[in-house]
Amino acid sequence: MRTGNGTRDQQVHPHGTVADAIAAVLKREGVDVVFGYPRNQILEAAARIDIRTIIVRQERTGLHMADAYSRMTKGGRMGVFVMQQGPGAENAMGGVAQAHAESVPVLVMPQGYALNQMHVPYNFNSTRSMASFAKHCEPLTGEDDVVAVLRRAFSMLRNGRPQPVVVELPYDVLDRPYRAAMDYVPGKVVTAQPAPADVEAAAELLVAAENPAIYAGQGVHWSEAYDELRALAEHLAIPVMTSLPGKSAFDETHELALGSGGNGINGCVATWLAECDLLFGIGCSFTATPFGLAIPAGKRVIHATLDPLDLDKSVPCEVGLVGDAKLTLAALLEAVKARVPQKRDAAPVAARIKAVEAAWFAKWEAKCTQASSPLSPYRVLWDLQQTVDVANTIITHDAGSPRDQLVPFWKSITPHSYIGWGKSTQLGYGLGLAMGAKLVHPDKLCINVWGDAAIGFTGTDLETAARDNIPILSVLLNNAAMAIELPIMPEATDKYRATDITGDYTAFARALGCHAERVERAEDIVPAIRCAVAATEAGRPALLEFITEQETVISKG
């Protein structure tokens with residue numbers, strides 16, 4: 001996690017309210033964008049000192065954008081979302097809960113009712129209501145507490161398990177004159193590494209294992225431990241798989257890469273997960289979820305995590321290592337080299353990975369090259385990967401079929417070029433993530449892959465992308481149904497069209513200011529992608545609506 005690196009001497013704007021003091025703190029912490037929806041006095045105070053404000057069409061998308069902003073900057077430019085009291089805070093709850101489940105730090109500052117109304121039934125109280133899905137919640141009750149309250153907030157955001165922090169801002173407090181000194185100093189980031197004895201024990205197990213595998217999670221992203229992960233894998237010739245949030249922590253074209261997995265997994269991940277005699281989890285929680293990899297019972301496990309509460313929570317471990325992923329891997333590599341000074345030959349395991357992958361892909365190649373109409377979603381996503389510059393692309397999936405159809409096949413090359421998620425699977429999450437990523441990396445192609453269910457939740461924020469000049473590419477797989485629900489709702493579908501959903505999303509996106517194209521033939525996929533990419537390069541968001549078959553089969557390895 002990076003420290004804030006803003007304008008260290010930023011003073012309170014002459015307007016001189018508590019809201020202005022809060023904005024000054026944000027600027028000192030390196031915050032350069034505030035996402036929000038009126039009314040909240042922080043929006044105007046931020047604008048007064050040239051912090052960009054982005055107004056979304058609904059609160060959840062704004063939180064998703066702030067989420068991606070934190071992820072892509074590793075907390076260096078913390079994602080901040082503000083909204084009004086009552087309905088604004090109520091609408092935002094899903095986005096806060098999503099960030100909490102996915103372990104992403106976001107500073108959430110809902111405006112609150114006046115102090116004498118905060119606890120009056122039935123006024124919505126954000127401090128009380130969001131406490132179960134935030135790392136910390138507290139109200140700002142006086143102008144003298146601005147520095148202390150925000151110091152606590154940023155310290156909690158950047159240290160320990162990354163999760164959202166909520167600071168509720170009563171609107172009558174925001175209006176008050178700020179007379180205190182602005183002596184705020186950006187918070188520290190403190191890291192720790194595991195006990196030496198535990199590192200030595202883990203090294204012994206790794207060196208002795210005959211068929212080990214590494215399972216890398218999101219902690220590798222937060223600590224930017226990419227080099228250390230690769231060095232350990234290469235030194236002991238250990239293959240690497242990643243969790244959904246950890247996807248792109250390891251180059252998936254590397255000879256030791258197994259790929260990533262969640263509900264849909266490829267053949268290599270399935271094989272090594274089942275057959276490895278030791279699984280080393282680094283920067284992961286091993287949280288049991290239907291949308292993540294299931295660790296086989298009885299597996300020997302080394303578990304390295306930042307949060308001690310993860311140890312033995314869902315998966316029993318033989319050795320537990322608590323600390324920062326980068327420091328943990330560095331210490332472990334040193335201990336390993338003391339036992340095995342020379343790199344092991346990776347050729348045998350690399351050859352086996354290649355053979356297993358080839359056998360698995362042979363079962364899916366027909367779908368990836370299928371030329372019929374309606375289109376195969378696998379053909380669309382395969383052509384997408386072959387057409388764009390993957391190394392300079394950041395991509396994310398949405399919930400359901402788009403996730404399961406994309407993850408096993410997409411090979412990420414560069415660090416944090418895939419925004420994976422799945423502890424909570426709210427439809428429509430991917431759009432805001434792609435938009436937030438594009439703000440941080442305007443030079444990269446940023447893509448969200450979603451379905452016709454997801455666009456129904458957050459699609460109006462395509463207008464935000466157009467209005468605020470955030471030229472992302474949305475790839476929409478439209479099968480006119482909630483396809484994964486078809487097998488479990490046959491009678492409701494037959495009688496009441498329960499899984500049918502319709503819409504002309506191309507016309508919808510055009511009406512909101514986007515380049516948009518409807519694609520129904522396989523030979524038109526690549527030209528449409530190239531045209532859409534060109535539109536984004538010219539500064540215009542694009543949506544490609546691919547009319548696909550109702551595919552329900554996903555890879556299970």
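- Under the 4.0 Å criterion applied to side-chain N and carboxylate O atoms, Glu275 and Arg352 are assigned as salt-bridge partners.
- Remark: of the listed residues Trp450, Tyr429, Phe409, Trp421, Trp421 is the sole one forming a ring pair (Phe, Tyr, Trp, His ring centres under 6.0 Å) with His397.
- Here Asp277 does not pair with Lys299 in a salt bridge; the nearest charged N to carboxylate O distance is not below 4.0 Å.
- The CD1 atom of Ile395 sits 4.5 Å away from the CD1 atom of Ile447 when rounded to the nearest 0.5 Å.
- Geometrically, Lys247 engages Tyr418 in a cation-pi contact defined by less than 6.0 Å to the ring centre and at most 45° from the axis.
- In summary, Glu318 and Arg300 engage in a salt bridge, as defined by a charged side-chain N under 4.0 Å from a carboxylate O.
- In this structure, Ser223 and Asp324 approach most closely via the heavy-atom pair CB-OD1, 3.1 Å.
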Let me see the working for Glu234 and Arg344 under salt bridge (Lys or Arg N to Asp or Glu O under 4.0 Å), right down to the final yes or no. CA-CA 8 Å; Glu234 290 176 347; Arg344 288 179 173 170; over 6 Å; no
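- Between atom CG of residue Leu381 and atom NZ of residue Lys367 there is a gap of 13.0 Å, rounded to the nearest 0.5 Å.
- Here the two rings, on His416 and Tyr226, have centers that are 6.0 Å apart or farther.
- Distance check: Asp398 CG to Arg403 CZ gives 9.0 Å after rounding to the nearest 0.5 Å.
- The structure places CD1 of Ile282 at 11.5 Å from OG of Ser243, a figure rounded to the nearest 0.5 Å.
- Nearest heavy atom pair, residue Ala542 against residue Thr536, reads CB-CG2, 4.2 Å.
- In this structure, CD1 on Ile470 lies 10.5 Å from NZ on Lys438, to the nearest 0.5 angstrom.
- Shown are Asn478, Asn448, Leu543, Leu427; of these, the side-chain contact (heavy atoms from CB on, under 4.5 Å) with Ile455 is made only by Leu543.
- Using a cut-off of 4.0 Å between Lys/Arg side-chain N and Asp/Glu carboxylate O, Arg339 and Glu334 are scored as not salt-bridged.
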For ring-ring contact (aromatic ring centres under 6.0 Å, His included), just list the numbers for His303 and Phe280, CA-CA rounded to whole Å, side-chain angles, deciding distance to a tenth of an Å, and then say yes or no. CA-CA 6 Å; His303 191 180; Phe280 171 41; 9.4 Å; no
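- Applying the side-chain contact (heavy atoms from CB on, under 4.5 Å) test between Val380 and each of Leu477, Leu476, Val449 identifies Leu477 as the sole match.
- Checking each of Val390, Ile472, Thr393, Asp389 against Leu445 for a side-chain contact (heavy atoms from CB on, under 4.5 Å) leaves exactly one that passes, namely Thr393.
- For the pair Glu551 and Arg379, the salt-bridge criterion is not met [side-chain N within less than 4.0 Å of a carboxylate O].
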